[in-house]
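Index from 1, following the sequence. Side chains are part of it too, since the values below use all heavy atoms of this structure and drop only hydrogens, waters and symmetry mates.
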Amino acid sequence: MSAIVLEAVREPRAERTGRQSSTARPHLVLVRTAPDAARRGRAAQQSSPRSPMRLTRFGRLVRTLLVASVVALLGVGLAGQLASATGDPRTVTVQSGQTLSGIAARELPELPVADGVVQLQVANSLSTSQVHAGQQLVIPAH
């Protein structure tokens with residue numbers, strides 16, 4: 001195997017016959033290499049550990065979006081857990097003439113009345129929807 005190298009050949013400044021120019025012109029020179037140099041180069045290339053997989057721009061975008069969505073979902077879940085943990089249940093005293101459905105409508109406006117009644121029954125361990133004046137009811141945090 002051979003290689004071609006561009007080498008500037010400079011002639012000595014000594015007097016030259018027929019030429020007055022002192023500029024040298026580059027010449028191509030053939031450089032011999034060892035007969036097994038190409039084989040060693042290929043062997044070294046094959047034995048080297050493979051480079052890690054390269055991601056394209058689209059691959060990096062997909063990876064970034066996946067990580068961001070996982071972080072967002074974890075943040076929302078954690079925020080929901082913290083919000084429900086900090087909402088202490090409060091108590092309400094039943095006044096004369098109040099019903100469980102009226103208390104549910106007033107204290108749990110974000111729920112339908114039927115669901116609010118069920119929430120109050122579960123929170124207060126009530127088997128019926130009847131309440132009496134002076135009774136303390138726990139309003140669940142929702």
Side-chain angles (χ1 to χ4, degrees), residues 1-95 97-132 134-142:
M1 177 170 270
S2 301
I4 296 178
V5 178
L6 180 64
E7 180 180 283
V9 177
R10 300 208 180 258
E11 296 178 19
R13 289 190 175 227
E15 300 218 1
R16 292 177 220 127
T17 57
R19 273 191 169 168
Q20 294 296 330
S21 172
S22 65
T23 61
R25 301 178 93 189
H27 295 281
L28 293 179
V29 178
L30 186 64
V31 178
R32 293 206 174 264
T33 59
D36 60 337
R39 257 192 324 262
R40 281 186 285 170
R42 276 185 249 128
Q45 188 178 28
Q46 290 174 353
S47 68
S48 67
R50 297 188 120 204
S51 63
M53 186 173 71
R54 297 180 137 204
L55 287 177
T56 62
R57 178 179 283 177
F58 180 72
R60 288 190 303 266
L61 175 68
V62 168
R63 182 185 61 188
T64 303
L65 289 175
L66 283 174
V67 169
S69 63
V70 167
V71 168
L73 286 174
L74 288 174
V76 168
L78 183 61
Q81 291 292 328
L82 290 176
S84 66
T86 58
D88 294 329
R90 58 187 191 279
T91 59
V92 173
T93 304
V94 178
Q95 303 295 323
Q98 285 185 325
T99 62
L100 199 56
S101 59
I103 295 171
R106 188 182 75 230
E107 297 295 330
L108 301 170
E110 66 275 356
L111 295 176
V113 175
D115 291 344
V117 169
V118 171
Q119 290 284 328
L120 287 173
Q121 286 176 329
V122 169
N124 293 289
S125 301
L126 299 174
S127 59
T128 66
S129 62
Q130 295 182 355
V131 291
H132 59 282
Q135 183 177 359
Q136 295 283 329
L137 291 179
V138 175
I139 308 298
H142 192 61

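Of the inter-residue distances, the one linking Q119 atom CD with I139 atom CD1 reads 10.5 Å to the nearest 0.5 angstrom.
The side chain to side chain contact (heavy atoms under 4.5 Å, CB included) search around T91 returns Q136, V138, not counting sequence neighbours. Scanning for side-chain hydrogen bond (donor to acceptor under 3.5 Å, both in side chains) contacts around S129 gives an empty result, with sequence neighbours left out. In terms of the side-chain hydrogen bond (donor to acceptor under 3.5 Å, both in side chains) criterion, residue partners of E107 (sequence neighbours excluded) are, by chain and number, R90. Remark: Q135 pairs with H132 by the side-chain hydrogen bond (donor to acceptor under 3.5 Å, both in side chains) rule, at least two apart or across chains. Remark: S125 engages no residue in a side-chain hydrogen bond (donor to acceptor under 3.5 Å, both in side chains) (not counting sequence neighbours).
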Please assess L126 against L137 for the test side-chain contact (heavy atoms from CB on, under 4.5 Å), listing each intermediate value before the final yes or no.
CA-CA 10 Å; L126 299 174; L137 291 179; 4.1 Å; yes
Going through the distances and angles, do V131 and N124 end up as a side-chain contact (heavy atoms from CB on, under 4.5 Å)?
CA-CA 11 Å; V131 291; N124 293 289; over 6 Å; no
Determine all donor-acceptor pairs shorter than 3.5 Å in which one atom belongs to a side chain in residues 59-68; sequence neighbours excluded.
| residue | atom | partner | partner atom | Å |
| --- | --- | --- | --- | --- |
| R60 | NH1 | L55 | O | 3.0 |
| T64 | OG1 | R60 | O | 2.7 |

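Between G116 and A104, the shortest heavy-atom distance links the atoms C-CB, 3.6 Å.
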